[in-house]
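Worth saying up front: this structure is predicted, and the values here are computed from it rather than measured. Lettering follows sequence order; numbering is per chain, from 1.
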Number of protein chains: 2
Amino acid sequence: MKRDSRLSSVLHALLHMAEHDGRMTSDALAQCLGTNPVVVRRTMGLLRRQGLVDSDRGPSGGWRITADLDKVTLRQLHEALGEPAFFAIGHRQEAPECLVEQAVNAALDDAFDEAEALLLKRFAHVTLADLAKDFARRHRERKAAKD
Amino acid sequence: MKRDSRLSSVLHALLHMAEHDGRMTSDALAQCLGTNPVVVRRTMGLLRRQGLVDSDRGPSGGWRITADLDKVTLRQLHEALGEPAFFAIGHRQEAPECLVEQAVNAALDDAFDEAEALLLKRFAHVTLADLAKDFARRHRERKAAKD
DNA sequence: CGAATCGTAACATATAAAGTTACATGAAGC
DNA sequence: GCTTCATGTAACTTTATATGTTACGATTCG
């Protein structure tokens, strides 16, 4: 299965926007991400629906973060993207008649539900500001290594 | 991404084999799973390499569990299948130059690595015998409900 | 008005899981 | 030995889904 990298993408985009004064165009973001401006608009559009960013058209248009970096969590972004499935491993059949398969599903669900709960909990505690801070630290370190 | 359901499949197949005296053919297993005998052979072949099952050709041939149900864990089966990726969510780029993307990857890896460790730990504690027991319980309950 | 920019539908491509076909190989029984 | 039943496996097809691309309309700025 091809993995969904939209969460990674929007984080990347949002951090670039946070480091950047004024609006950034879909084209500029697409270059940062190594992708296509239409893909950027499509994905950022989902964040706009949640009021996390806004966009303007025309010259001097583009995208801007409207939410507080301290308030936006990975979990919110995951939700904004429509809560895509975390797991690449699943059942053969969702609601099987066969008792054997029911037992199998129950065992796998136990494990995956617990892992999902852990992920959601962690996601709820990581903010964009945390990532921005980590980026700044990496930036200082790279600069120090050069000197 | 289409989800990998082979773990679910082999569990289903192994439990049916455990409930069944003698060997089961790929055809019979394929019917239990609602799939194709070639798919069964392909997947069971991976378990054979780990010595969990064996197969015989010819009339009276088929598949048989050789391992102790108490000893075989979900983790072993996951390994036998080649340790397919657990997660349907991933990075855009594996080893990015961009510090922003590095910060993003680090944050996501933290969360996903922890979730993966949890899953592996749980998988190591669940045996085929546990699932067989759960199946037997469901079987009793369904019977009781009928009376 | 013209250029820049987003919005979005429609279509194309890429990747991976699962299914299918075909045929070779080996074992059992007559 | 011949036939039948079974696995072993390569090659191909189908399906699902994420991502990329093209095209064009709508909006805004100067």
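Heavy atoms of B:Arg23 sit nowhere under 4.0 angstrom from any nucleic acid atom.
The side chain of A:Lys2 sits closest to D:dA18 out of D:dA6, D:dA18, C:dG19.
Side chain to side chain, B:Ser55 and B:Arg48 meet the donor-acceptor criterion of an N or O pair below 3.5 Å. For the 3.5 Å distance criterion, the side chains of A:Arg92 and B:Ser9 qualify, holding a donor opposite an acceptor.
Between B:Gln31 atom CD and D:dA6 atom P there is a gap of 12 Å when expressed in whole angstrom units. Between the P atom of C:dG19 and the CG atom of B:Leu29 lies a distance of 14 Å, rounded to the nearest Å. A straight line from CG of A:Leu33 to P of D:dT19 spans 12 Å, rounded to a whole angstrom. What separates CZ of B:Arg64 from C1' of D:dT7 is a distance of 15 Å, to the nearest Å. Atoms CH2 (A:Trp63) and C1' (C:dA4) sit 15 Å apart, rounded to a whole Å. Across the protein-nucleic acid pair, B:Leu7 atom CG and C:dA17 atom P stand 14 Å apart, rounded to whole Å. Taking atom CG of residue A:Asn36 and atom P of nucleotide D:dA23, one finds them 13 Å apart after rounding to whole Å. Distance, A:Ile89 CD1 to C:dA17 P: 10 Å, rounded to whole Å.
Annotation: side chain of A:Arg6 is in contact with side chain of A:Pro84 (closest heavy-atom distance under 4.5 Å).
DNA chain D is contacted by both B:Val38 and A:Asp56; B:Val38 maps to the nucleotide lying nearer its 5′ end (nearest heavy atom per residue). Projected onto DNA chain C by closest heavy-atom contact, A:Pro59 and A:Ser55 fall at different nucleotides, the more 5' of which corresponds to A:Pro59. When the nearest nucleotides of DNA chain D are assigned to A:Gly58 and B:Gly58 by heavy-atom distance, the more 5′-ward of the two goes with B:Gly58.
Phosphate contact (OP1/OP2 of D:dT7, side-chain N/O of B:Ser26, threshold under 4.0 Å): present. Phosphate contact (OP1/OP2 of D:dT28, side-chain N/O of A:Ser60, threshold under 4.0 Å): absent. Checking the phosphate oxygens (OP1, OP2) of C:dA14, no side-chain nitrogen or oxygen of A:Arg3 falls inside 4.0 Å.
Each of B:Thr66, B:Val53, B:Leu47, B:Leu77 was evaluated against B:Val72; a single residue qualifies, B:Leu77, per the side chain to side chain contact (heavy atoms under 4.5 Å, CB included) test.
Only B:Arg41, B:Arg42, B:Arg48, listed by number, bring a heavy atom of residues 41-54 of chain B to less than 4.0 angstrom from any atom of DNA chain D.
For A:Arg75 (side chain) and A:Ala124 (main-chain N/O), no donor-acceptor pair under 3.5 Å exists by modelled atom type. Side chain of B:Gln102 to backbone of B:Pro96: a donor-acceptor contact under 3.5 angstrom is found.
Under 3.5 Å, the side chain of A:Arg57 and the base of D:dT28 form no donor-acceptor pair of N or O atoms.
For the salt bridge (charged side-chain N to carboxylate O under 4.0 Å, His left out) condition, the pairs that include at least one residue of residues 94-118 of chain B, sequence neighbours left out, are A:Arg122-B:Glu114.
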